[in-house]
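Since the structure is predicted, the reported quantities are computational estimates derived from the model, not experimental observations. Letters A, B, ... mirror the listed sequences (proteins, then strands); counts begin at 1.
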Protein chains: 2
Amino acid sequence: MSDARPAQSFGGESLLFLTDEQLRQGIEAMFFAYRGFTADPDRILAEMAYGRAHHRAIHFINRAPGTTVNNLLAILGVTKQSLNRVLRTLIADGLVESRVGTQDKRERHLFLTPEGAALESKLSDAQRVRMRSAYKEAGPEAVAGFRQVLEAMMDREMRRTYANLRDSAT
Amino acid sequence: MSDARPAQSFGGESLLFLTDEQLRQGIEAMFFAYRGFTADPDRILAEMAYGRAHHRAIHFINRAPGTTVNNLLAILGVTKQSLNRVLRTLIADGLVESRVGTQDKRERHLFLTPEGAALESKLSDAQRVRMRSAYKEAGPEAVAGFRQVLEAMMDREMRRTYANLRDSAT
DNA sequence: TTGGAATGTCAACAAGACTGACATAAGCTG
DNA sequence: CAGCTTATGTCAGTCTTGTTGACATTCCAA
């Protein structure tokens with residue numbers, strides 16, 4: 001497992017990119033990049049009484065308006081109790097609306113209020129600025145590779161969720 | 001900021017990759033991929049009484065043996081109180097050794113004990129397995145792009161830290 | 001109709017981040 | 001040497017966000 005030799009022969013191309021050192025650099029790049037990735041929205045959230053969990057909820061409610069709590073749970077990968085605390089404050093603060101399902105009254109369908117949508121925009125814009133700048137700096141081919149590796153890093157189930165969201169784009 | 005039009009003209013190539021939708025997909029890919037990225041070591045850590053914070057400390061002490069507390073603080077980007085809690089348990093459990101500096105006796109130099117190194121291997125191996133598989137699946141050119149975009153996503157200071165670690169590779 | 005499954009809520013707890021205050025030891029400077 | 005600064009460690013308290021357990025409501029199927 002911890003061999004330090006280059007990887008051997010896959011499909012004939014490039015034999016020299018799978019050393020442990022190369023992999024470690026990728027691991028560290030993920031660590032530092034994720035810090036940058038969350039830094040800008042975190043700054044905005046810190047000003048209000050919110051955290052990263054609120055951002056995630058707002059993001060995916062905006063992405064799939066009318067989604068149920070259970071569906072959001074599957075996307076976020078946390079317990080319903082954890083999500084509920086976040087949703088409760090967002091609803092109390094008037095950023096999210098929770099409507100009892102018409103067909104199944106056990107379900108709650110979630111929507112952003114205009115105030116919620118405004119915060120979503122603010123957070124997304126901040127995050128997109130950095131993303132856009134990184135994409136510009138790296139160039140379109142790098143972006144394609146970036147997306148490929150990220151997708152390959154996901155679990156099977158996450159990959160499904162990600163693809164569903166992607167394909168449901170308006 | 002929230003325009004939905006394609007980006008305009010950069011260096012003549014590829015005009016159609018900077019829409020908000022494209023950026024949002026990148027953002028979601030980062031979110032899901034990071035979950036996958038941490039999933040395997042997290043599972044191992046959960047069995048012991050450790051968390052992700054311990055993993056990060058162990059990783060970078062292994063990467064830069066003899067590093068001082070202050071230096072580790074800068075790399076990890078947390079407060080000394082937060083790091084200290086983690087280091088205290090790692091030292092108490094005999095995974096990390098803290099040696100008083102010979103030149104500057106205020107400094108503590110940190111090293112992994114054999115037990116610490118064993119855990120580091122176990123965690124790194126688990127993380128590398130996924131990384132290696134993602135790299136293989138995506139291919140070498142994708143990996144190059146992946147690394148470029150990640151680096152472009154970092155803050156200036158993180159980029160320096162990252163480059164220093166990378167260049168100090170044995 | 002009744003018992004189980006699904007959905008959501010409330011309460012309590014733990015990890016890990018944070019700030020603030022303070023102690024100690026060592027280096028540095030005038 | 002005296003006094004300031006630096007490096008580290010610690011105590012206390014708070015916040016976010018994850019967890020489990022218990023429970024209420026609603027739906028569905030035997």
Side-chain angles (χ1 to χ4, degrees), chain A residues 31 34-35 38-39 41-61 66-93 96-111 123, chain B residues 31 34-35 38-39 41-59 61 66-93 96-111:
Chain A
F31 171 69
Y34 199 77
R35 273 236 297 272
T38 56
D42 279 358
R43 259 189 296 273
I44 295 170
L45 290 157
E47 292 170 13
M48 348 185 90
Y50 294 134
R52 218 175 274 179
H54 299 87
H55 182 192
R56 292 198 282 259
I58 288 175
H59 175 98
F60 286 108
I61 293 172
T67 184
T68 63
V69 171
N70 224 12
N71 185 37
L72 197 52
L73 237 41
I75 293 173
L76 295 176
V78 297
T79 59
K80 59 181 179 173
Q81 294 91 330
S82 192
L83 174 58
N84 189 257
R85 191 188 326 103
V86 167
L87 284 178
R88 210 185 316 162
T89 70
L90 291 175
I91 291 168
D93 294 351
V96 167
E97 192 191 347
S98 165
R99 295 186 206 150
V100 173
T102 49
Q103 286 157 25
D104 188 334
K105 289 180 189 162
R106 290 173 302 182
E107 296 180 338
R108 302 299 139 92
H109 297 275
L110 303 169
F111 301 87
L123 294 169
Chain B
F31 170 68
Y34 199 77
R35 271 236 297 273
T38 56
D42 279 358
R43 258 190 296 275
I44 295 169
L45 290 158
E47 291 168 16
M48 348 187 90
Y50 295 136
R52 217 175 275 178
H54 300 85
H55 182 192
R56 293 198 283 260
I58 289 174
H59 175 98
I61 292 172
T67 183
T68 63
V69 172
N70 231 4
N71 185 37
L72 195 51
L73 237 38
I75 292 173
L76 295 175
V78 297
T79 59
K80 62 175 181 177
Q81 293 92 330
S82 199
L83 174 59
N84 190 254
R85 190 187 335 101
V86 168
L87 283 180
R88 212 184 316 164
T89 71
L90 290 175
I91 291 168
D93 294 352
V96 167
E97 191 192 346
S98 165
R99 294 186 208 150
V100 173
T102 48
Q103 286 158 23
D104 187 334
K105 289 179 189 162
R106 291 172 304 178
E107 295 180 338
R108 303 300 142 91
H109 298 275
L110 303 169
F111 300 86

Undergrad: Under 3.5 Å, is there a donor-acceptor pair between the H54(A) and T89(A) side chains?
TA: yes
Undergrad: Please report the closest heavy-atom contact between R56(A) and L76(A), naming both atoms and the distance.
TA: CB-CD2, 3.8 Å
Undergrad: Closest-nucleotide mapping onto DNA chain D: is V78(A) or R108(A) further toward the 5' terminus? I mean the 5' end.
TA: V78(A)
Undergrad: Would you say the base of dT8(D) and the side-chain of K80(B) have a donor-acceptor pair closer than 3.5 Å?
TA: yes
Undergrad: Does some side-chain heavy atom of I44(B) sit less than 4.5 Å from a side-chain heavy atom of Y50(B)?
TA: no
Undergrad: CZ of R35(B) versus P of dT17(D): gap in Å, rounded?
TA: 15 Å
Undergrad: I need the CG-P distance between L83(B) and dT8(D), as an integer number of Å.
TA: 10 Å
Undergrad: Rounded to the nearest angstrom, tell me the gap between atom CD in Q81(B) and atom C1' in dG9(D).
TA: 9 Å
Undergrad: Do R106(B) and dT8(D) share a donor-acceptor pair, side chain to base, under 3.5 Å?
TA: no
Undergrad: Considering only side-chain heavy atoms of R85(A), which listed nucleotide, dT8(D), dG18(D), dC11(D), is closest?
TA: dG18(D)
Undergrad: Taking the six-membered ring for Trp and the single ring otherwise, decide whether the centroids of F31(B) and Y34(A) are under 6.0 Å apart.
TA: no
Undergrad: What is the distance from CZ of R43(B) to C1' of dT19(D), rounded to the nearest Å?
TA: 17 Å
Undergrad: What is the ring orientation for H59(B) with H55(B), classed by angle as parallel under 30°, tilted 30 to 60°, or perpendicular over 60°?
TA: perpendicular
Undergrad: Given atom CG of L73(B) and atom P of dA7(D), what is their separation to the nearest angstrom?
TA: 11 Å
Undergrad: Select one nucleotide: of dG9(D), dT19(D), dT8(D), the one nearest the side-chain heavy atoms of N70(B).
TA: dT8(D)
Undergrad: Just how far, in rounded Å, is P of dT8(D) from CZ of R99(B)?
TA: 16 Å
Undergrad: When the distance from CG of D42(A) to P of dC15(D) is rounded to whole Å, what number comes out?
TA: 18 Å
Undergrad: Do the side-chain N and O atoms of T68(A) and R108(A) include a donor-acceptor pair separated by under 3.5 angstrom?
TA: no
Undergrad: Scan residues 48-58 of chain A against DNA chain C and write down, sorted by residue number, each residue with any heavy atom closer than 4.0 Å; if none is found, say none.
TA: none
Undergrad: What is the 5' to 3' range of DNA chain C, first to last nucleotide, that sits under 4.0 Å from any heavy atom of chain A?
TA: dA5(C) to dA11(C)
Undergrad: Rounded off to whole Å, could you give me the CG-to-P distance for the N84(A) and dT19(D) pair?
TA: 13 Å
Undergrad: Looking at every non-hydrogen atom in both residues, tell me the closest pair between L110(B) and I61(B) and how far apart they are.
TA: O-CG2, 3.7 Å
Undergrad: I need the N84(B) CG to I91(B) CD1 distance, nearest 0.5 Å.
TA: 8.0 Å
Undergrad: Any carboxylate oxygen within less than 4.0 angstrom of a Lys/Arg side-chain nitrogen, looking at E97(A) and R99(A)?
TA: yes
